[in-house]
Amino acid sequence: MLMQGFSSFLGLLYLAMLVLAVVALVMAALFRDDAYRAADKQNKGFWLIILGIAVAVNLLVPMLFLQLAGLVATIVFFVDVRPALRQVSGGGFGRRRGGSSSDGPYGPYNGGR
């Protein structure tokens, strides 16, 4: 009974590591390539390959050591790379901060006044 509970706990842990890696991969894909250069991080292709390998290892290879290496890469992306990219790109992928709904591409629209 104890082994069955431990097995289900490890299954949930592996699933959480897979979900975290997939989320990191999607976020890495959504940031622009020039944001990586501006943040002085590795390029976008590097992070897509590393996080893609982490997802593939979590899906295909049941070796805890390799899964932990993928988890480390995922944590580095979330803790170091993502905040730098958000700072450089002004808050992320496509989100607008501040301003009004009547703001145009060159400033606020005042109705011809």
Side-chain angles (χ1 to χ4, degrees):
M1 175 132 164
L2 182 62
M3 289 302 289
Q4 188 179 14
F6 185 68
S7 174
S8 64
F9 173 73
L10 279 180
L12 289 176
L13 186 65
Y14 292 151
L15 180 65
M17 289 176 12
L18 173 65
V19 168
L20 197 64
V22 168
V23 168
L25 179 65
V26 169
M27 285 184 163
L30 291 177
F31 279 106
R32 294 176 20 174
D33 191 32
D34 59 344
Y36 288 88
R37 289 190 303 268
D40 198 26
K41 302 296 175 189
Q42 292 287 336
N43 60 7
K44 183 176 183 176
F46 172 82
W47 282 107
L48 289 177
I49 289 170
I50 293 296
L51 295 171
I53 289 172
V55 169
V57 163
N58 279 318
L59 281 174
L60 304 174
V61 182
M63 294 180 63
L64 183 62
F65 175 73
L66 292 176
Q67 289 175 330
L68 288 177
L71 180 65
V72 168
T74 303
I75 290 172
V76 167
F77 179 80
F78 275 119
V79 172
D80 182 42
V81 177
R82 184 175 166 256
L85 293 174
R86 286 183 61 133
Q87 184 179 10
V88 167
S89 63
F93 20 81
R95 283 190 227 150
R96 291 182 58 176
R97 293 198 175 185
S100 165
S101 63
S102 65
D103 284 352
Y106 306 108
Y109 177 73
N110 61 8
R113 291 183 255 168

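Here the structure is a predicted model, which is why all the values come from computation and not from measurement. One is the number of the first residue; the rest follow in order along the sequence.
Residues N58 and V55 form no side-chain contact, since every pair of their non-hydrogen atoms from C-beta on lies 4.5 Å or further apart. Considering only heavy atoms from C-beta on, Y36 comes within 4.5 Å of L85 through its side chain. Residues W47 and V76 form a side-chain contact, since some pair of their non-hydrogen atoms from C-beta on lies under 4.5 Å apart. Y14 has its side chain out of reach of L18: every pair of non-hydrogen atoms, C-beta onward, lies at least 4.5 Å apart. Using a 4.5 Å heavy-atom cutoff, the side chains of V81 and Q42 are not in contact.
For the atom pair CG of D33 and CG of N43, the computed distance is 6.5 Å after rounding to the nearest 0.5 Å. Atom OG1 of T74 sits about 13.0 Å away from atom CZ of R82, to the nearest 0.5 Å. One finds the CG atom of L59 at 9.5 Å from the CD atom of Q67 (value rounded to the nearest 0.5 Å). Distance check, rounded to the nearest 0.5 Å: CZ of F78 to CE of M27 gives 5.0 Å.
By the neighbour-count criterion of 12 heavy atoms within 6.0 Å, atom CG of D40 is sparsely surrounded, having that number or fewer from other residues, nucleotides or ligands.
Nearest heavy atom pair, residue A73 against residue I50, reads CB-CG2, 3.6 Å. Across every non-hydrogen atom of S89 and A35, the tightest pair is CB-CB, 4.5 Å. Contact detail for A28 and K44: the closest heavy-atom pair is O-CE, 3.5 Å.
Cluster membership check: L60 shares its hydrophobic cluster with L71, using side-chain heavy-atom separations under 4.5 Å among Ile, Leu, Val, Met, Phe, Trp and Tyr. Linking Ile, Leu, Val, Met, Phe, Trp and Tyr whenever their side-chain heavy atoms come within less than 4.5 Å puts V79 and V22 in one cluster. Under the 4.5 Å side-chain heavy-atom criterion for grouping Ile, Leu, Val, Met, Phe, Trp and Tyr, F9 is not connected to L12 through any hydrophobic cluster.
Each of V23, V26, L25 was scored for a side chain to side chain contact (heavy atoms under 4.5 Å, CB included) with L51, with one residue passing: L25.
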